[in-house]
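Remember, it's 1-based here, ligands and their atoms both numbered in the order they're listed. All of these numbers come straight from a predicted model, not from anything done at the bench.
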Amino acid sequence: MPTQMTNRPAAQETARETDGAPGMFDGVDLRRLAERIATPFHAYSAGAIHRRIDELQAALAGLDATVCFAVKANPNLAILQLMANAGVGADIVSVGELRRALNAGIPAERIVFSGVGKSADEIAGALNVGIMRFNVESLDELHTLQRLAKAQEVTARAAVRINPDVDARTHAKISTGKSENKFGVSIDEARRWFAERKQLSHVQLDGLHVHIGSQILSVEPFRLALQRVAAFWQELERTGHPINSIDVGGGLGVCYRAGVDRPLAAADYVDVIRAALAGYRGRLLLEPGRWLVAEAGVLLTRVLRVKEGAERRFLVLDAAMNDLQRPSLYDAWHDIVPVADTPRPPATYDIVGPVCETGDTFARARELPECSAGDLLLIRATGAYGASMASTYNSRPLAAEVLLDQGRYAVVRRRQHFEEMIAGEQPARNWETA
Ligand SMILES: *Cc1c(COP(=O)(O)O)cnc(C)c1O
């Protein structure tokens with residue numbers, strides 16, 4: 001871990017694709033890249049991800065802290081490998097993610113398992129490989145963990161996920177820390193778990209976990225949640241329940257809209273953690289997902305055609321909601337810019353994909369330099385919850401993913417073949433009864 005702060009620019013400036021000449025991303029000419037790889041495809045800058053990791057590690061200097069990347073933000077094996085090589089662990093929410101993380105070389109002792117719906121099989125699998133910690137979200141899960149750990153004759157390390165009843169002031173669908181949300185348990189319930197801790201012969205319940213939501217752009221919700229967690233940690237210490245691990249979750253927001261979204265710098269975020277948890281001597285865990293990778297990714301797409309509608313002008317792209325769900329799912333804004341060399345007059349478009357849904361809209365009434373068929377565009381900040389949420393809706397194959405690094409590129413997922421898309425499907429030939 002670096003021991004001194006370096007003089008880094010604010011978080012929002014670290015990961016623009018135009019680092020230097022326009023159309024260049026991590027030293028790669030995006031137009032030339034799009035001549036070699038068919039659009040749409042996702043491109044990720046290794047350099048931009050490394051800068052975020054370094055910024056966070058520098059801010060954490062002097063703390064016993066482990067950063068566990070939230071795999072769901074971008075589970076591509078090459079991205080996880082990059083995390084593994086940088087000493088970053090994983091926050092997983094399924095056995096599929098566990099297998100990806102292990103496969104990419106992230107050691108089990110750097111893996112935490114979160115989520116309200118861990119199945120018995122998933123818990124057993126994670127116990128089997130000896131992951132660092134379970135973030136437990138219900139009493140039933142705690143009892144299941146005890147039973148399965150006992151059966152395997154191992155001791156599971158566990159943290160209780162606290163629902164601190166804090167409004168993260170983010171989109172309702174990505175808010176997780178209010179008492180009405182399905183996540184975590186109340187401090188009152190957690191207190192009872194600790195009081196009955198001795199009955200857990202095979203669960204070492206010595207951690208607290210909190211994760212209040214995603215795309216959070218101010219320190220206040222974090223401060224409030226951590227203050228509640230800190231008060232509870234101190235109470236537990238006083239009542240004979242030592243806490244060895246506090247997991248502060250993820251949730252750090254990124255810049256989706258230039259000039260509007262102002263993400264927190266890692267140092268400011270970590271200052272809030274340091275202040276709230278002053279005096280805490282155990283291990284700190286962090287689970288950032290979006291902040292590490294979102295702005296390191298762009299979705300490259302071409303204009304299929306310009307359609308003059310009765311009331312609006314449409315830019316129809318070859319990318320669609322199946323490649324990037326966020327606009328249709330959360331009404332999310334993504335900056336969209338042409339990868340063009342010549343200046344053109346502005347025009348206003350509804351920017352849409354080919355999928356048969358009105359929701360397949362990336363932007364409404366967006367001003368862009370005038371476009372024509374074949375133009376290359378990039379949709380920014382798609383490195384998190386982009387490819388990871390993709391589907392094959394409308395029988396569109398999953399897009400390719402490409403990693404860029406100082407002028408070089410590597411395809412880290414090729415475009416899905418039609419045969420792969422339908423693999424597993426079969427005619428109803430072998431009928432059985434149940
Ligand atoms: C999704 C998730 C994260 C990551 O959230 P980001 O907003 O991407 O940082 C971290 N922890 C848990 C438990 C999550 O569910």
Short N or O separations between ligand 1 and the protein, below 3.5 Å:
from: ligand 1; atom 1: 7 (O); to: S214; atom 2: OG; distance (Å): 2.3
from: ligand 1; atom 1: 7 (O); to: G251; atom 2: N; distance (Å): 3.3
from: ligand 1; atom 1: 8 (O); to: R290; atom 2: N; distance (Å): 2.8
from: ligand 1; atom 1: 8 (O); to: Y385; atom 2: OH; distance (Å): 2.6
from: ligand 1; atom 1: 9 (O); to: G251; atom 2: N; distance (Å): 2.8
from: ligand 1; atom 1: 9 (O); to: G289; atom 2: N; distance (Å): 2.9
from: ligand 1; atom 1: 11 (N); to: D91; atom 2: OD2; distance (Å): 3.1
from: ligand 1; atom 1: 11 (N); to: E287; atom 2: OE1; distance (Å): 2.6
from: ligand 1; atom 1: 15 (O); to: K72; atom 2: NZ; distance (Å): 2.7

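- For D188 and R191, the salt-bridge test passes: some basic side-chain N is under 4.0 Å from an acidic carboxylate O.
- Looking at D318 and T301, their side chains do bring a donor and an acceptor atom within 3.5 Å of each other.
- Tested against H171 for a ring-ring contact (aromatic ring centres under 6.0 Å, His included), the candidates W333, Y256, Y330 yield a single pass: Y330.
- Under the 3.5 Å distance criterion, the side-chain polar atoms of R380 are left unmatched by any main-chain donor or acceptor of R257.
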Kindly list each side-chain donor-acceptor pair under 3.5 angstrom involving residues 133-145, sequence neighbours excluded, with atom names and distances?
from: R133; atom 1: NE; to: S245; atom 2: OG; distance (Å): 3.3
from: R133; atom 1: NH1; to: A158; atom 2: O; distance (Å): 3.1
from: R133; atom 1: NH1; to: D206; atom 2: OD1; distance (Å): 3.0
from: R133; atom 1: NH2; to: D206; atom 2: OD1; distance (Å): 2.9
from: N135; atom 1: ND2; to: S114; atom 2: OG; distance (Å): 3.1
from: N135; atom 1: ND2; to: D247; atom 2: OD2; distance (Å): 3.3
from: N135; atom 1: ND2; to: E287; atom 2: OE2; distance (Å): 3.1
from: E137; atom 1: OE1; to: G184; atom 2: N; distance (Å): 3.0
from: E137; atom 1: OE2; to: G115; atom 2: N; distance (Å): 3.2
from: E137; atom 1: OE2; to: R161; atom 2: NH1; distance (Å): 2.7
from: S138; atom 1: OG; to: E141; atom 2: N; distance (Å): 3.2
from: E141; atom 1: OE1; to: K118; atom 2: NZ; distance (Å): 3.3
from: E141; atom 1: OE1; to: E137; atom 2: N; distance (Å): 3.0
from: E141; atom 1: OE2; to: K118; atom 2: NZ; distance (Å): 2.6
from: T144; atom 1: OG1; to: D140; atom 2: O; distance (Å): 2.8

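- Between the side chain of D350 and the backbone N or O of A365, at least one donor-acceptor pair lies under 3.5 Å.
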